[in-house]
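Data block below; observations after.
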Amino acid sequence: MELDASSTSNGYLFILKGLSLIPIWHYLLTLTTLLTCFLYNFLEIHFLQDLFSGFSCSPAEFSYNSCSQIYDAVVSKCPILQGGYSVTPWLSSPHLQTIFLNFFGNAPSFKYKRQLFTTSDGGTLALDWVTSSDVSGSVHHDDDVVTKDDSTPIVICIPGLTSDSSSPYLKHLAYHTAKRGWKVVVSNHRGFGGVPITSDCFYNSGWTEDTRTVVNYLHKQNPKAPLFIVGTSIGANILVKYLGEDGENTPVAGAVAVCSPWDLLIADRFISRAPVQKFYNKALAGGQKDYAKLHQPQFTRLANWEGIEKALSVRDFDDHATRMVGKYETVDTYYRRCSSSTYVQSVSVPLLCISALDDPVCTTEAIPWDECKANKNIVLATLKHGGHLAFFEGITASSLWWVRATNEFLGVLHSSHYMHEQKKVECLYTKHTIGLVN
């Protein structure tokens with residue numbers, strides 16, 4: 001039996017009349033519920049899971065060689081590392097953690113001492129120092145941050161892609177490390193920290209020469225002080241690549257790589273894949289473009305300025321700027337040559353690597369698990385949560401777990417017999433000039 005058009009129309013009118021009887025607040029409640037469910041999943045929020053577990057600590061999973069003395073003698077004696085990580089309840093999402101770090105950060109307040117360092121090619125680096133007196137409120141301030149007879153350990157920090165010493169996560173690291181009585185120096189990338197680019201040699205994601213130069217300079221100026229390095233994000237990639245390139249021939253006693261991308265080609269595909277990752281991709285590209293605008297004369301002369309201005313992703317920027325300045329044939333060539341994953345096997349320094357499995361920028365797909373396990377000098381610690389360089393802990397999100405874990409590892413390593421000692425004869429030291437800026 002067929003219904004005529006009039007009957008069908010009356011049926012729809014009947015349904016609309018019924019729907020109109022439902023209070024508006026019911027619709028608003030339903031819409032709010034659907035939106036909440038969408039955001040809960042989109043932002044990968046894990047508050048309910050944490051609530052049901054009583055916000056207990058998530059243990060770190062360790063990957064290491066079965067013959068590793070670094071794990072047995074150092075990492076196994078680190079209560080913070082072994083105890084795991086408990087996330088700040090209102091930041092129960094890798095995206096909330098990462099965004100909060102970049103826009104707020106809860107960074108401690110202190111002032112760096114700046115040292116300008118000129119490399120052999122004419123490039124200028126800003127070395128920002130902080131010592132225990134800078135964070136203790138002491139009225140005594142020693143202008144000579146580098147001295148021949150001082151045996152105080154020095155921690156060199158290598159920032160991420162568009163970060164410098166003012167970035168909240170680096171201020172957390174510098175402050176709490178200096179609180180331990182050690183010296184900290186943030187080795188800013190060329191053109192960062194308000195310093196002009198003074199040569200045609202720029203830094204990139206695999207540029208290790210500045211790290212090597214700074215390490216050799218600090219070792220020569222203060223041979224009694226153990227040198228440690230902490231690399232973060234792209235800085236971690238540079239750190240691992242440097243350690244792999246130099247092998248035994250480095251004065252570095254130990255190192256920590258935090259949230260490394262490992263394989264730049266895989267990382268590029270990852271941040272170009274999902275909508276939420278594309279947000280980070282665009283944000284990072286915006287930071288790179290801001291950096292280029294600060295040094296527009298050099299980029300205009302050495303790269304494709306029109307392409308840089310139109311760049312909407314990290315890959316776009318690398319194609320029109322990084323690849324051209326670094327003289328790489330293609331972007332993929334640049335990514336392959338500068339990835340640290342191929343250098344893992346040659347690392348000869350005690351190295352702790354910390355990564356979050358929910359890192360929204362550096363995917364776990366790129367982690368060289370087998371290579372880390374094959375090298376007895378490396379211990380890889382992966383945690384379920386943490387975001388990118390965040391790992392906020394405590395109800396007030398006043399501290400970063402990875403900063404405490406890093407300092408604990410370096411402290412235990414320093415008191416052990418497993419610090420690395422340079423085996424080979426150092427190369428002829430490169431000439432340089434330095435200057436202190438008040």
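Keep in mind the model is a prediction, meaning the values are calculated, not measured. All residue numbers in this chain count up from 1 along the given sequence.
- Under the side chain to side chain contact (heavy atoms under 4.5 Å, CB included) rule, Val349 has a single partner from Asn377, Leu239, Thr250, Ile229, which is Thr250.
- Residues Ile367 and Thr364 form a side-chain contact, since some pair of their non-hydrogen atoms from C-beta on lies under 4.5 Å apart.
- Between the Asn102 side chain and the Ser167 main chain, no donor and acceptor come within less than 3.5 Å of each other.
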Open item on the list: Would Val87 and Glu393 count as a side chain to side chain contact (heavy atoms under 4.5 Å, CB included) here? Give the steps.
Closed with: CA-CA 5 Å; Val87 64; Glu393 57 185 356; over 6 Å; no

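- Looking only at atom types and distance, the side chain of Thr131 has a donor-acceptor partner in the side chain of Asp134 under 3.5 Å away.
- Here the side chains of His172 and Ser399 are not in contact, with every heavy-atom distance at 4.5 Å or above.
- Judged by distance alone, with hydrogens and angles left aside, the side-chain atoms of Asp316 form no donor-acceptor pair with the main-chain N or O of Gly307 at under 3.5 Å.
- Here Lys224 does not pair with Asp150 in a salt bridge; the nearest charged N to carboxylate O distance is not below 4.0 Å.
- Inspection of the Ser163 and Tyr169 side chains reveals an N or O donor paired with an N or O acceptor under 3.5 Å.
- Among Leu101, Leu383, Val403, the single residue meeting the side chain to side chain contact (heavy atoms under 4.5 Å, CB included) criterion with Phe391 is Leu383.
- In this structure the side chain of Tyr291 reaches within 4.5 angstrom of the side chain of Phe202, judged on heavy atoms.
- With hydrogens and angles ignored, the 3.5 Å screen pairs a side-chain donor or acceptor of Ser86 with a backbone N or O of Phe55.
- Contact annotation: the side chain of Lys183 never approaches that of Val155 to less than 4.5 Å [non-hydrogen atoms, C-beta and beyond].
- Looking only at atom types and distance, the side chain of Asp50 has a donor-acceptor partner in the side chain of Ser92 under 3.5 Å away.
- Between the Lys289 side chain and the Glu309 main chain, a donor and an acceptor come within less than 3.5 Å of each other.
- No side-chain donor-acceptor contact under 3.5 Å links Ser233 to the backbone of Gly235.
- Two residues are said to be in side-chain contact when any heavy atoms from C-beta on lie closer than 4.5 Å; Thr232 and Cys259 fail this criterion.
- Put simply, the side chain of His320 never gets that close to the backbone of Ile308: no donor and acceptor are under 3.5 Å apart.
- For the residue pair Glu44 / Ser93, no side-chain donor-acceptor distance below 3.5 Å is found, with atom types taken as modelled.
- Side chains of Thr330 and Thr333: a donor on one and an acceptor on the other come within 3.5 Å.
- The existence of a salt bridge linking Arg190 and Asp121 is confirmed by a sub-4.0 Å separation between a basic side-chain nitrogen and an acidic carboxylate oxygen.
- Between the side chain of Tyr71 and the backbone N or O of Ser66, no donor-acceptor pair lies under 3.5 Å.
- With Phe110 as the aromatic partner, Lys171 meets the cation-pi criteria of under 6.0 angstrom to the ring centre and within 45 degrees of the ring axis.
- The closest side-chain donor-acceptor pair between Gln97 and His385, if any, does not fall under 3.5 angstrom.
- The closest side-chain donor-acceptor pair between Asn204 and Thr322, if any, does not fall under 3.5 angstrom.
- For the ring-ring contact (aromatic ring centres under 6.0 Å, His included) condition, the pairs that include at least one residue of residues 264-287, sequence neighbours left out, are His95-Tyr280.
- Within the model, atoms OG of Ser76 and CD1 of Ile70 stand 10.5 Å from one another, a figure rounded to the nearest 0.5 Å.
- Within the structure, every pair that satisfies the ring-ring contact (aromatic ring centres under 6.0 Å, His included) test and touches residues 221-265, not counting sequence neighbours, is listed here: Trp182-Phe228.
- A donor-acceptor pair shorter than 3.5 Å cannot be found between the side chains of Asn237 and Ser260.
- Sorted by first and then second residue, the salt bridge (Lys or Arg N to Asp or Glu O under 4.0 Å) pairs involving residues 253-280 (not counting sequence neighbours) are Asp268-Arg315, Arg273-Glu365.
- A donor-acceptor pair is defined here as one N or O able to donate and one able to accept, closer than 3.5 Å; no such pair exists between the side chain of Lys282 and the backbone of Leu312.
- Donor-acceptor pairing under 3.5 Å is recorded for the side chains of Asp128 and Asn188.
- Residues Leu161 and Ser205 are in side-chain contact: their nearest non-hydrogen atoms beyond the backbone lie under 4.5 Å apart.
- A donor and an acceptor atom, one from each side chain of Glu245 and Thr208, are located under 3.5 Å apart.
- Using modelled atom types, one side-chain atom of Gln82 and one backbone atom of Val75 make a donor-acceptor pair closer than 3.5 Å.
- Although no hydrogens or angles enter the test, the distance criterion places a donor-acceptor pair under 3.5 Å between the side chain of Glu408 and the main chain of Leu81.
- A donor-acceptor contact closer than 3.5 angstrom links the side chains of Thr124 and Thr198.
- Here the side chains of Tyr175 and Val130 are not in contact, with every heavy-atom distance at 4.5 Å or above.
- Remark: the Tyr335 side chain and the Asp318 side chain contain an N/O donor-acceptor pair separated by less than 3.5 Å.
- For the pair Asn375/Cys372, no side-chain contact is recorded, criterion being any heavy-atom separation below 4.5 Å from C-beta on.
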